[in-house]
Trainee: 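Could you have a look at this structure, given as structure tokens, before my questions?
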There are 2 protein chains.
Amino acid sequence: MVTGSEADAVAGAGAGAGALYRRVAADLREAIAAGEYGSGGRLPAEQALAAHYGVSRGTIRQALAALRANGLVTSRRGTRRVVLGTTRVQSFSELVSFTSWARSLGEEPGGRVDRIERRPATAYEREQLRLPADGEVILVLRARTLSGQPVMVERSVYPLWVGELVARIPADAVSHTEPLQEQGVVFADADHTIDLAAADADDARLLGCDLAAPLLRERRRSTDPSGAPLECSEDRYMPGTVAFTVHNSLAGSALTRRQAAP
Amino acid sequence: MVTGSEADAVAGAGAGAGALYRRVAADLREAIAAGEYGSGGRLPAEQALAAHYGVSRGTIRQALAALRANGLVTSRRGTRRVVLGTTRVQSFSELVSFTSWARSLGEEPGGRVDRIERRPATAYEREQLRLPADGEVILVLRARTLSGQPVMVERSVYPLWVGELVARIPADAVSHTEPLQEQGVVFADADHTIDLAAADADDARLLGCDLAAPLLRERRRSTDPSGAPLECSEDRYMPGTVAFTVHNSLAGSALTRRQAAP
DNA sequence: CAGTGGTCTAGACCACTCC
DNA sequence: GAGTGGTCTAGACCACTGT
């Protein structure tokens, strides 16, 4: 883009995501993915973009900030922005939901609940889910598959009000987040911790691996838009099935290296 | 804060990081870490903060955007921001540099170069480092320790102009990024891919583990402020020594789940 | 030096949450 | 309906990069 007639690129993007800057960002993302500036190429100046899209410089900067956070472009005083990569960026829902991630890859996701328990929360769970001393939780143990192959074991711990909704979902439902969404449970923020774990008896049985076999572990704690904890989950992936990627920069890191918990 | 006399909090922060919004952000971070709003508590309104700090609402919003990116607070229309966590946020340099990370934990970092090679770049390296078809690279294989214990093996591949600087650093230097920094090589952006790998002969020898033992792998590609690739590295950690954490949200994810490369 | 992005301000309107 | 954050505008000045 930035070659068309005038302020049409935004309108041309059709029923965009509402906010102006999001539509501009989407348009720029497309242009970058299409290689219009090349890898390592320079973007037009903010002022030029503002004129092209017919918006103010502030709006352009909001759009560019989004691209930057995604690691698509650099940003420094004195020079035009430079294209860093053309990687397709994953949406938050593709991250939180195994199902929507798998579908976006053209794979056939599957899931089967192995076990549901209601029990008192451990100290760790009380802290993560902000529960009182006598709080209870619902644990859901579930095997996830990709085109029939077992790939991951998910242990999700929910506060009762969420867990009771989850418990009503059929055991072989492909997605849990979608029915939850329909009932007003929205995932908005998540913290992830990634390391390595050894398969226990459940993992070995559900994944078909040896006991104590190494697995890639992702622990996650999700909250809704109001900041209320929704879930505290531990997922264990078969090696070679997934990798996690993160971008970060001087201007703001979301990634952290930590000493492993004892 | 937000209880002191007037617009003194910013001035009181002393020789802050230059930009006004950074000083405001740092002050708010401190206040949150000190538990002034509690976990799950509500922040003052933007307007109140603007009045308190004696700055415009735009500046306050810039500061809050930083806190949000770090996963410290939520953000939604209609309600005050809510404190999500009080986690100390790691700076970018603590992420790129094993040395500065270890020091911030009070551990004693160490490093020893095992081997340096100059050789033609592989196709993958040419792409990552944006080198021509006949490009060469310098590979540095290095063992990293924490208080004497071997913890990680680092395989860094540099373009010649960086590699030649690295090759001049003493084999037992604790830090490589610090001397590079002094010579004007600045790391500004990085992409990380985290998964699992099996120890090869070098890993087993340097870490004292078995051949094919499972290790946590972090592949990284770093660029300088102008977007020029500086490094393409593969680090392998002993299990139980580190974990990686990431925050992400509906408003912008830097984290991605990917199918493992073949 | 000209060009460019970084920072800051002031004001406006809207969409949403919660009482 | 009052309060709050989200979006957008217009303009200003500064710090830095490159020629």
Trainee: Please pick, from dG6(D), dT4(D), dT7(C), the nucleotide with the shortest atom-to-atom distance to any side-chain atom of R80(B).
Mentor: dT4(D)

Trainee: Send over the distance from L67(B) CG to dG5(D) P, rounded to a whole Å.
Mentor: 13 Å

Trainee: What's the CD1-C1' distance between I60(A) and dT7(D), to the nearest Å?
Mentor: 14 Å

Trainee: Roughly how many Å is it from CG in L49(A) to C1' in dG3(C), rounded to a whole number?
Mentor: 15 Å

Trainee: Of the nucleotides dG6(D), dT7(C), dC8(D), which has the atom closest to the Y21(A) side chain?
Mentor: dC8(D)

Trainee: Just to verify, what does S226(A) make a side chain to side chain donor-acceptor pair (under 3.5 Å) with, not counting sequence neighbours?
Mentor: D224(A)

Trainee: Specify the separation, in whole Å, of atom CD of Q47(B) and atom P of dG3(D).
Mentor: 10 Å

Trainee: Residues in salt bridge (Lys or Arg N to Asp or Glu O under 4.0 Å) with D235(A), at least two apart?
Mentor: R220(A)

Trainee: Of all the choices, dG5(C), dC8(C), dC8(D), which nucleotide is nearest to the side chain of T59(A) once you look at every atom?
Mentor: dC8(D)

Trainee: Tell me which nucleotide among dT7(D), dG5(C), dC8(C) gets nearest to the side chain of Q62(B).
Mentor: dC8(C)

Trainee: Roughly how many Å is it from CD in E46(A) to C1' in dT7(C), rounded to a whole number?
Mentor: 11 Å

Trainee: What one-letter contact string describes nucleotides 12-19 of chain D from 5' to 3', where B marks a base within less than 4.0 Å of any protein heavy atom, S marks contact via sugar-phosphate atoms alone, and - marks no contact?
Mentor: B--BBBS-

Trainee: Under 3.5 Å, is there a donor on one side chain and an acceptor on the other for N70(A) and H247(A)?
Mentor: no

Trainee: Measure CG/L250(A) against P/dG6(C) and give the value in whole Å, please.
Mentor: 13 Å

Trainee: Taking only residues two or more places apart in sequence or in another chain, which ones pass salt bridge (Lys or Arg N to Asp or Glu O under 4.0 Å) with R57(A)?
Mentor: E46(A)

Trainee: Between the side chain of R80(A) and the main-chain N/O of R42(A), is any donor-acceptor distance below 3.5 Å?
Mentor: no

Trainee: To the nearest Å, how far apart are L20(A) CG and dA15(C) C1'?
Mentor: 16 Å

Trainee: With sequence neighbours excluded, what pairs up with Y158(B) under the ring-ring contact (aromatic ring centres under 6.0 Å, His included) test?
Mentor: none

Trainee: If the condition is side chain to side chain donor-acceptor pair (under 3.5 Å), which residues does Q128(A) pass it with, not counting sequence neighbours?
Mentor: none

Trainee: Provide, to the nearest angstrom, the distance between the CZ atom belonging to R81(B) and the P atom belonging to dG3(D).
Mentor: 18 Å

Trainee: Nearest to the V55(A) side chain among dT9(D), dC8(C), dC8(D), which nucleotide is it?
Mentor: dT9(D)

